[in-house]
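Take a look at the structure set out below.
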Amino acid sequence: MRVTEKGQVTIPKPIRDRLDIEPGSEVDFVVSDEGVMLVKVGDGKPGFDDFEAWAASVQGTWDLDGMTPDEYFEWLRGPRDDLDRR
């Protein structure tokens with residue numbers, strides 16, 4: 001595809017269909033060492049913009065296998081050596 005004088009490109013229909021991009025959809029360009037990726041944003045799913053809805057949607061899905069959160073974090077990162085354990 002070519003970039004117009006205004007810096008615009010046309011997203012091919014198969015890609016628009018696959019990503020469910022419609023008029024008014026928000027997209028972003030993510031730059032990496034390999035090139036640039038087109039990413040759809042704001043797809044209506046709860047995210048960081050709506051933390052309470054996201055938290056409610058994942059409530060009860062974290063299985064700690066009977067561990068307390070403190071026990072889990074210690075298991076995950078190892079014992080803290082910056083605390084005085086008298």
Side-chain angles (χ1 to χ4, degrees):
M1 66 187 84
R2 284 190 166 78
V3 178
T4 68
E5 289 182 22
K6 293 183 178 182
Q8 299 170 331
V9 295
T10 299
I11 304 169
K13 183 159 178 28
I15 294 173
R16 292 193 318 263
D17 291 345
R18 183 173 179 180
L19 297 177
D20 194 28
I21 296 174
E22 301 171 338
S25 294
E26 292 187 35
V27 296
D28 198 2
F29 294 95
V30 179
V31 180
S32 71
D33 291 338
E34 290 81 31
V36 178
M37 295 184 304
L38 172 75
V39 178
K40 181 181 177 187
V41 295
D43 60 2
K45 295 180 182 176
F48 290 110
D49 292 338
D50 188 1
F51 181 78
E52 294 300 325
W54 172 83
S57 74
V58 297
Q59 184 176 7
T61 62
W62 193 16
D63 182 8
L64 299 180
D65 197 28
M67 291 185 274
T68 67
D70 288 336
E71 291 169 335
Y72 176 78
F73 287 123
E74 185 167 328
W75 170 83
L76 184 65
R77 66 178 173 230
R80 293 187 61 178
D81 58 3
D82 62 333
L83 298 176
D84 184 10
R85 298 192 181 252
R86 293 182 206 194

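Residue numbers start at 1 and run along the sequence shown. Since this is a predicted model, take the numbers as computed values, not measurements.
Scanning for side-chain hydrogen bond (donor to acceptor under 3.5 Å, both in side chains) contacts around Lys6 gives an empty result, with sequence neighbours left out. Checked against side chain to side chain contact (heavy atoms under 4.5 Å, CB included), Glu34 has the following partners two or more places apart in sequence or in another chain: Ser32. Residues passing the side chain to side chain contact (heavy atoms under 4.5 Å, CB included) test with Pro12 are Met1, Pro14, Ile15, sequence neighbours excluded.
The backbone N or O of Asp20 lies less than 3.5 Å from a partner atom in the side chain of Lys40, making a donor-acceptor pair.
Glu22 contributes atom CD, which lies 9.5 Å from atom CG of Asp17 (distance to the nearest 0.5 angstrom). Taking CD1 of Ile21 as the reference point, atom CG of Leu38 lies at 5.0 Å (rounded to 0.5 Å). To the nearest 0.5 Å, atoms CH2 (Trp75) and OG1 (Thr68) are separated by 13.5 Å.
The nearest pair of heavy atoms linking Val41 to Val27 is CG2-N, 4.1 Å.
Phe29 and Val39 fall into different hydrophobic clusters, where Ile, Leu, Val, Met, Phe, Trp and Tyr residues are linked whenever their side-chain heavy atoms come under 4.5 Å apart, directly or through other members. The cluster map of Ile, Leu, Val, Met, Phe, Trp and Tyr, joined by side-chain heavy atoms under 4.5 Å apart, puts Leu19 and Val9 in different clusters.
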